[in-house]
**Student:** 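Dropping a structure here in structure tokens format, bear with me for questions.
Reminder, nothing fancy here: chain letters follow the sequence lines and each chain counts from 1.
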Amino acid sequence: MTSDETIVTQTQNTWCPGCGNFAIQHAMKFVIQELEAEGMARDHFVLVSGIGCHAKIADYFQLNSFYSLHGRTIPVATGIKMANPNLKVICFAGDGDLYAEGLDHLIHAAKRNLDITVICHNNRVYGLTTGQYTPTSPYGYQGKSTPNGLHEYPLNIIELLLGAGATFVSRAYTRRLPHLKRIFKEAIMHQGFAHVDVLQICASFFNATTWYDERVYETNESNAGLFEFACRTAKQWNYNDDTKIPIGIFFQTRKPVLPEKKIQKEVDRGVIVKKILEKAT
Amino acid sequence: MTSDETIVTQTQNTWCPGCGNFAIQHAMKFVIQELEAEGMARDHFVLVSGIGCHAKIADYFQLNSFYSLHGRTIPVATGIKMANPNLKVICFAGDGDLYAEGLDHLIHAAKRNLDITVICHNNRVYGLTTGQYTPTSPYGYQGKSTPNGLHEYPLNIIELLLGAGATFVSRAYTRRLPHLKRIFKEAIMHQGFAHVDVLQICASFFNATTWYDERVYETNESNAGLFEFACRTAKQWNYNDDTKIPIGIFFQTRKPVLPEKKIQKEVDRGVIVKKILEKAT
Amino acid sequence: MTEYSVLIGGKAGDGIAQAGQLIASIFSDLGYYVYQYVDYPSLIRGGHNFCIIRAAEKPVFTHRTGVDLILALDQKTADLHIHNLTTQGTVIYDSPKVKSEGQALAINEILAQYKGRPIMGNTAMVGGFCGCVGIPWSLVEAVIRKKLPKETDLNLLIAREAYSRITRCISVQPVEGASPRPLLSGNEWIGLGLLAGGIDAYVAYPMTPSSGVLHFLASVADEAGIDVVHPESEIAVILMALGFAYAGKKTAVGTSGGGFCLMTEGVSLAGMAELPIVIVLSQRGGPSTGLPTYTAQSDLLFTCHAGQGEFPRFIAAPATPLEAFWWAAEAVQLAWKLQIPTFILSDKTFSEGIYTPEAEPEIRATTPLPAPSYPYKRYADTPDGVSPILVPPYSGEVVKVNSYMHDYSGITSEDPEMTVAMVQKRLRKAEKLATMTDQPGAVVCGGSVKAKTAILCWGSPRGVCSEVADELGLRLVSPVVLSPFPAGEFRRSMQGVEKVILVEDSSTGQLDKVLAREGYRTDELILRYDGRPFAVEELVERVRRVAS
Amino acid sequence: MTEYSVLIGGKAGDGIAQAGQLIASIFSDLGYYVYQYVDYPSLIRGGHNFCIIRAAEKPVFTHRTGVDLILALDQKTADLHIHNLTTQGTVIYDSPKVKSEGQALAINEILAQYKGRPIMGNTAMVGGFCGCVGIPWSLVEAVIRKKLPKETDLNLLIAREAYSRITRCISVQPVEGASPRPLLSGNEWIGLGLLAGGIDAYVAYPMTPSSGVLHFLASVADEAGIDVVHPESEIAVILMALGFAYAGKKTAVGTSGGGFCLMTEGVSLAGMAELPIVIVLSQRGGPSTGLPTYTAQSDLLFTCHAGQGEFPRFIAAPATPLEAFWWAAEAVQLAWKLQIPTFILSDKTFSEGIYTPEAEPEIRATTPLPAPSYPYKRYADTPDGVSPILVPPYSGEVVKVNSYMHDYSGITSEDPEMTVAMVQKRLRKAEKLATMTDQPGAVVCGGSVKAKTAILCWGSPRGVCSEVADELGLRLVSPVVLSPFPAGEFRRSMQGVEKVILVEDSSTGQLDKVLAREGYRTDELILRYDGRPFAVEELVERVRRVAS
Ligand SMILES: Cc1ncc(C[n+]2csc(CCOP(=O)(O)OP(=O)(O)O)c2C)c(N)n1
Ligand SMILES: Cc1ncc(C[n+]2csc(CCOP(=O)(O)OP(=O)(O)O)c2C)c(N)n1
Ligand code: SF4
Ligand code: SF4
Ligand SMILES: [Mg+2]
Ligand SMILES: [Mg+2]
């Protein structure tokens, strides 16, 4: 596919050299263009971002976007999607953003099987505020708020999302670009709540490049429909230990989605108000 | 055991007749007295409540208490426990309180394996605000905010907590009093984060008495140490379908807890401040 | 003026509010203007609840202490309120449970006779009341048929039995030439105004005393074609609502103080991203959880300043059904015309009071928004600071909103000149807002409009203050618009005033602080902060003491 | 007065702030008072960052536009700032990357020579600077050894090489008889004050520009014996902190506007439950995410009124290191003496500016709290409204706190008389707070203290305002305590003032509104809202234009 540069803005990119966000942007650009080629209208995409390094992606895409608040991509996306179910709403969230500040929204969106795509730029660190730990930082992580080492174990996000009832749960890695693209595309195509936890390199504060490169492998997804199987794959790596790290679609299923499509009624407000007043008389 | 009435206040009880909260209060009173008899000091208990019908329990016990905000039992309990690890901190939370407004705190407390006990008065309804749906209300529930029926499926709290890494996950029922007492006691004795999801009858807005009575059964807990087993038990009832409802300890394990006990250093602030100033010179 | 006050009381769970509404409906059907005050503690069963229904030949928006009839479903009602009985007044009490003077009504006997459920005791009491004041049975039956759709026949039997057991002692006559009026709570009047103003969605998390708006709008959502959403928290509420707004849907939210705290970050986002949003904020006793079912006016300054940074906002505090209807609709319009957060500031007394309107509500046409120009820039600069809105999807154009400081197209900018341009754009919107809202209607002036002593108030106390002003021959001045402060209209209303008495349900006098900024000094503060609204007689006494 | 201003600039990621601190340290070692202004956009790499280090023989708390030396690590630095060079000034630039007048320093060549990493270019520039102004090498070496504990020798080689390549052109002499002073950021001065005030715990979620307090206190937590906790959100922060307070631990939290929004519900809880808590709120450009790394003073009114309901709160906005140290300690004391929320209101300029103190900080003894009486009642009524605190566990007594209206023992009550008693108890605490804080020090008065024209300001602009007042012979009046407003001290400071010029980093003049309430009118507003603080020369011009 030839790249159409009208999909990116002229804004100066300020991610650090080597930052995994470039891969995310690149993969998404590719996927959106592919989907466009397949007939999806570009103007139907709406990107929602939180606050953090990840969130700058909203500035870099020449697409509809809502650059929201730290932790709040999901409720914003929920409102947009409910207001117009025809829009393709994609959240770009950070791990601090999504798994700390706004975790309740994530669980509730999964519960509702809200028909949006959530991309978590999981660099396992607060990038923009210079390197404090997040809910997925490993035990012992030394950031500026935990200079003597973190005394908490990370959340296993995959397990948590499975427990919350998400219908598309996946993990990707910014240095596996073809895989990243495929997962993004499948996530966007999924009908219902699709979550992609992207292991994203933070060149400045959590550069796990070699560590990931050596451990990440692509799972066989043939059992992605089986919940118990998904739980087992999720357990293979707990975001802390020195084990192999599976990436891929861990689980995918169909459930009723929100918002339910409904026919927009044309109502005359004057008539309705009068009717209510009569009933109350 | 003879009941010692100094543990309750003289406050007029305003729960509705038939409310399951009476059973929770009764069971807890029994357990605390039993623990006292075994040597635990009464003044070391601190109760933290949210806002809702459940929360009135703080007024009814003549024990240390922090009657907090809707959704915020857990962070308050976290602060208290961190400030003084010798206190026995018990959260009394509502399902709206804990699973809607404050869900992120719950997940993070489980993640941290914070050494507190959480009792969720899960009546599957907002009691005090007169009957709106909560995250555990069944599909189709008609409350004042969903008069045409709820279009969401409930959260399976047990699965969610297992996914969050909780080390003690249990369910009880207000009309199984001996069982309720046992679970409360085990939860309080557990070292680490202990969660009891109590199916609580709301006589006024969600009176599932017969429905529960017919379906609830006590699980065999011999496999409570096995995570996969726990996941299977959790799946037996999804808070929605018409199936048998297991109650009991679904999962229990040991992990490092927070707060780590540490020796309180006596430091002279003047000396420290001077030292820091010197270092900065 | 002919007027009646009826007090009905019992335990939480006895259906006091419902019985009160039946009585209010009956009065309305007789052609009276009605106001119903509802007093209840924050619990579901057991505590003492009571309602005062006041019916009069002219509009009333407050209650009086003195009552002509006490309907006692429990002993507390008789004990606590008996001293408020007017000289010609009487009591009907549930016998033998309650001991009192007046007429006994053996409710349990009646219930046993017809196998009624305990809750139907309230219907019996309504029947007894109607018998006592001589309402024709046909009217009673019509109202019960309309308002109690479930188990209607059983309720009718019970009411009829009670009706016939009671001796008539007061005679309530229909008002000549008057026809029945709609009877709705303050929250419902606000909700109706939001509908009339064109909302497409209402998002809220339950919180007393604002939940009535949610319940009302949820109950009419389908016929009105709006979305009503109750999400996981107030943070979700405001951000979902801003998502709706971005997608072009006119949206309102509702809450009370504690929930509003959680919305303040979203309010500031609305300020920066210039997203239209209506916030219904109903005050209750604070701080914190406070007194959830009792009234207060202690969130005015918080509402004026909530959210970091500076941005225009509109605040109106209606005090009557028509004002609520009109200003709620106007709040929707202003939010969209200026792309700002707008507030309807209510309180427990107004939100949960039940009112017939002072006149027939009128639905005004909405003005269309200016069309955008292309290539589209979401924050294009304009003389009045208002950039045209475009809603995605729009072929060939992108719509970017941003919580950061941004350039005209919505892309983040930290440039000092761009910052100044954007701040000034918002300042110009604030100026425009001030001109649009400092208009007749922004300040209500009443009583003896030439009097040199004025009672000042805002929000729900207006009802009682205006009766007091009438009674004492004082001027009444009451701003409805509180932000931006309608300086011109206020100045006009205050011309010739030499003494100012401020009445407010707070402990510090919040309007006093707002006025001080505007250069006005109040002479006397009559503050009430026990959660209860003033009754006419109480306030007359308090004002009389300081007025001269 | 001898003084020097040095500007160092480069890209984000070049280590500009660190290099600036080295230079500042060197000046401090020479006996100068130092202030360092740090200007950077909200990103990790690439954008234009610069620092201005100002060193003088008397305390300085602001920067000047004119600089004596520009150290350019990128072209932008040379291009943007060259017109600010004083006549005797010069430029050192990284050659050949940067083209400029002045002296070239071939940093890449030096790095290649010693196999240094790119970030060490900043050390090279510091070396070049020291060579240029003639700092003895031994002093340079000592400072580098102290401040760069990692790869020190390599850094020294690089600095030395640059040092020797540069031609000396300005001569900076040590200040006679002066000894080095500690050099800390405003946030660190606040943190140190909290420590001195006796905090046991600090809880915060990172947010620019307040994070410095978190980072500083985390770095000294172990030696100071305090808990430093970074939880999942600001909501968790404030509620955890209140949990700490309940358990008897003196606790502070820190945030900026957006995070503070999320804390407001907890602040109101502190008001009702009467829990002591210190909140450090550092302002930045708003609304919403706004300009995260640029300054503003637009949250004063929000801070004054945040949280539903009415309750006393204390707000101080320190403007110098010693004030920050003193008032942060005092905020802890006041919080515990009165069981109220207290605020240290800072802003980006003060929080992230780096300062030597105006004098040596003094640690004052803390007064013990009154002992409770038994049987214990958490909200026992007392003449001053302050109930003694008891901390669980306490044998035989229970400690109950409550967000609802409650009785003396902390049990929920909706009784009107109890409500009045509790409201009045809080009002008496407010009165006591006002007496305790309307004391010398609450308002700073400077400049020509008899002048009839006064510059008014609060918070960080004081540094620049006081130099302007000195320069133009005007009076300077600057309240440090902002709530409760120190009416007495302010009146004294304003005696004889006929013309008032308010300087504030906001677009509406927030102090103006506070003063209007107090009956003061300002004549001129000098407002700045592009996120940048005034430099001395800029403000002199602005004030001169309106002063006469
Ligand atoms: C309510 C609130 N709290 C704190 C912040 C400050 N803040 C901005 S970005 C950020 C961390 C971002 O971390 P993450 O979400 O992981 O994104 P990353 O920068 O790593 O992409 C924080 C804490 C904020 N903007 N809003
Ligand atoms: C921030 C906030 N939002 C809303 C409320 C109003 N509120 C009080 S209790 C309650 C619901 C309680 O439901 P639940 O937690 O399930 O407790 P229950 O009454 O069922 O025991 C709500 C929404 C509040 N007090 N605070
Ligand atoms: S700090 Fe990390 S996440 Fe942020 S831009 Fe740099 S490399 Fe990327
Ligand atoms: S409403 Fe339900 S939960 Fe609340 S007291 Fe009554 S029965 Fe219990
Ligand atoms: Mg991150
Ligand atoms: Mg509940």
**Student:** Below 4.5 Å from any heavy atom of chain B, which atoms of D/Ala224 appear? Answer side chain, backbone, both or neither.
**Tutor:** both

**Student:** Under 4.5 Å from any heavy atom of chain D, what part of B/Ile80 do you find: side chain, backbone, both or neither?
**Tutor:**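 Both parts, heavy atoms under 4.5 Å.
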
**Student:** Got a second to check how far D/Ile235's CD1 is from B/Arg72's CZ, nearest 0.5 Å?
**Tutor:**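 It comes to 4.0 Å.
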
**Student:** Which one, D/Glu232, D/Arg181, D/Met272, D/Glu360, leads in non-hydrogen pairs under 4.5 Å with chain B?
**Tutor:**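 Greatest number of close heavy-atom pairs with chain B: D/Glu232.
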
**Student:** Heavy-atom cut-off 4.5 Å, strictly under: side chain, backbone, both or neither for D/Ala236 against chain B?
**Tutor:**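 Both parts, heavy atoms under 4.5 Å.
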
**Student:** Taking D/Ser25, D/Pro392, D/Pro180, D/Ala247 one by one, which has the highest count of heavy-atom pairs under 4.5 Å against chain B?
**Tutor:**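 The residue among D/Ser25, D/Pro392, D/Pro180, D/Ala247 with the greatest pair count is D/Pro392.
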
**Student:** Atom CD of residue position B/Gln10 - does it have more than 12 heavy atoms of other residues, nucleotides or ligands inside 6.0 Å?
**Tutor:** no

**Student:** Counting only non-hydrogen atoms closer than 4.5 Å, does B/Lys81 touch chain D with its backbone (N, CA, C, O), its side chain (CB onward), both, or neither?
**Tutor:**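 Contact with chain D involves no heavy atom of B/Lys81 at all.
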
**Student:** Report which part of B/His44 has an atom under 4.5 Å of a heavy atom belonging to chain D: side chain, backbone, both, or neither.
**Tutor:**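 Both backbone and side chain.
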
**Student:** Which atoms of D/Glu188 are under 4.5 Å from chain B, going by heavy atoms: the side chain, the backbone, both sets, or neither?
**Tutor:**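 For D/Glu188, no heavy atom lies under 4.5 Å from chain B.
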
**Student:** Take atom CE in B/Met189; do more than 12 heavy atoms of anything else shown fall under 6.0 Å from it?
**Tutor:** no

**Student:** How many angstroms lie between CG in B/Asp268 and CD1 in D/Ile363, if you round to the nearest 0.5 Å?
**Tutor:**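 Separation between the atoms: 8.0 Å.
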
**Student:** Hey, could you give me the OG/NZ distance between D/Ser219 and B/Lys279, rounded to the nearest 0.5 Å?
**Tutor:**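 Atom-to-atom, D/Ser219:OG and B/Lys279:NZ are 7.0 Å apart.
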
**Student:** When you compare the side chain of D/Pro361 with that of B/Leu277, does any pair of heavy atoms fall below 4.5 Å?
**Tutor:** yes

**Student:** Using heavy-atom distances under 4.5 Å, tell me whether B/Arg112 contacts chain D through its side chain, its backbone, both, or neither.
**Tutor:** side chain

**Student:** If you count heavy-atom pairs within less than 4.5 Å of chain D, which of B/Arg42, B/His108, B/Lys56 leads?
**Tutor:** B/His108

**Student:** Mind listing the closest non-hydrogen atom pair of D/Leu195 and B/Val273 along with its distance?
**Tutor:**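 In terms of heavy atoms, the two residues are closest at CB-CG2, 4.3 Å.
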
**Student:** So for B/Val76, is it side chain, backbone, both, or neither that comes closer than 4.5 Å to the heavy atoms of chain D?
**Tutor:**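 For B/Val76, heavy atoms of backbone and side chain both lie under 4.5 Å from chain D.
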
**Student:** Who among B/Pro75, B/Ser68, B/Gly270 has the most heavy-atom pairs with chain D under 4.5 Å?
**Tutor:**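 Option with the greatest count: B/Pro75.
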
**Student:** Please rank D/Asp407, D/Asn402, D/Asp200, D/Val391 by heavy-atom pairs under 4.5 Å with chain B and give me the top one.
**Tutor:**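 Winner by heavy-atom pair count: D/Asn402.
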
**Student:** For side-chain contact (heavy atoms from CB on, under 4.5 Å), just list the numbers for B/His105 and D/Met240, CA-CA rounded to whole Å, side-chain angles, deciding distance to a tenth of an Å, and then say yes or no.
**Tutor:** CA-CA 11 Å; B/His105 309 305; D/Met240 281 190 193; over 6 Å; no

**Student:** Are more than 12 heavy atoms from other residues, nucleotides or ligands located less than 6.0 Å from atom NZ of B/Lys274?
**Tutor:** no

**Student:** Counting only heavy atoms closer than 4.5 Å, note whether B/Ala58 contacts chain D via side chain, backbone, both or neither.
**Tutor:**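 Looking at B/Ala58, just its backbone touches chain D.
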
**Student:** If I compare all heavy atoms of B/Asp59 with all of D/Ile411, which pair ends up nearest, and what's the gap?
**Tutor:**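 Where B/Asp59 meets D/Ile411 most closely, the heavy atoms are OD1-CA, 3.6 Å.
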
**Student:** Specify the closest pair of heavy atoms between D/Leu192 and B/Ile276, including all atoms of both residues, with the distance to one decimal.
**Tutor:** CD1-CG2, 3.7 Å

**Student:** From D/Lys146 NZ over to B/Thr281 OG1, what is the distance, rounded to the nearest 0.5 angstrom?
**Tutor:** 5.5 Å

**Student:** Quick one: what part of D/Ser28 sits under 4.5 Å from any heavy atom of chain B, side chain, backbone, both or neither?
**Tutor:**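 Neither; nothing under 4.5 Å.
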
**Student:** Measure B/Thr9 against the heavy atoms of chain D and call it side chain, backbone, both or neither at under 4.5 Å.
**Tutor:** side chain

**Student:** Which heavy atom in B/Asp104 sits nearest to a heavy atom in D/Ser233, and how many Å separate them?
**Tutor:**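 Result for this residue pair: OD2-OG, 4.4 Å.
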
**Student:** Checking heavy atoms, do the side chain of B/Ile51, its backbone, both or neither come under 4.5 Å from chain D?
**Tutor:**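 For B/Ile51, side-chain heavy atoms alone lie under 4.5 Å from chain D.
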
**Student:** With the side chain counted from C-beta on, respond yes when D/Glu223 and B/Val267 share a heavy-atom pair under 4.5 Å apart, and no when they do not.
**Tutor:** no

**Student:** Give me the atom names and distance for the closest heavy-atom approach of D/Val229 to B/Met82.
**Tutor:** CG2-SD, 4.0 Å

**Student:** Between B/Ser65 and D/Lys400, is there a donor-acceptor pair closer than 3.5 Å when you use the side chain of the first and the backbone of the second?
**Tutor:** no

**Student:** D/Lys147 and B/Ala280: which non-hydrogen atoms are nearest, and at how many Å?
**Tutor:**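 So the two residues come closest at NZ-O, 4.0 Å.
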
**Student:** Could you grab the distance from atom CG of B/Leu87 to atom OH of D/Tyr246, nearest 0.5 Å is fine?
**Tutor:**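 One gets 8.0 Å once the value is rounded to the nearest 0.5 Å.
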
**Student:** I need the residue from B/Leu69, B/Leu47, B/Thr6 with the largest number of non-hydrogen atom pairs under 4.5 Å to chain D.
**Tutor:** B/Leu69

**Student:** Nearest 0.5 Å, what's the CD1-CG distance between B/Ile74 and D/Leu239?
**Tutor:** 12.0 Å

**Student:** Only one of B/Asn86, B/Asn84, B/Val46 passes side-chain contact (heavy atoms from CB on, under 4.5 Å) with D/Pro393; say which it is.
**Tutor:**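 Among the candidates, only B/Asn84 passes.
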
**Student:** Side chain, backbone, both or neither: which part of D/Phe216 has an atom under 4.5 Å from a heavy atom of chain B?
**Tutor:**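 When you check distances to chain B, only side chain atoms of D/Phe216 fall under 4.5 Å.
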
**Student:** Does any heavy atom of chain B fall under 4.5 Å from the side chain of D/Val220, the backbone, both, or neither of them?
**Tutor:**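 Answer is side chain: those atoms of D/Val220 sit under 4.5 Å from chain B.
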
**Student:** Return the option, out of D/Leu183, D/Leu242, D/Thr412, D/Asp29, with the maximum number of heavy-atom pairs under 4.5 Å with chain B.
**Tutor:** D/Thr412

**Student:** Where on D/Ile238 is there a heavy atom nearer than 4.5 Å to chain B: the side chain, the backbone, both, or neither?
**Tutor:**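 Contact with chain B is absent: no heavy atom of D/Ile238 under 4.5 Å.
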
**Student:** Based on non-hydrogen pairs under 4.5 Å, which of B/Lys275, B/Glu278, B/Gln62 is most in contact with chain D?
**Tutor:**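 Counting heavy-atom pairs under 4.5 Å, the top option is B/Gln62.
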
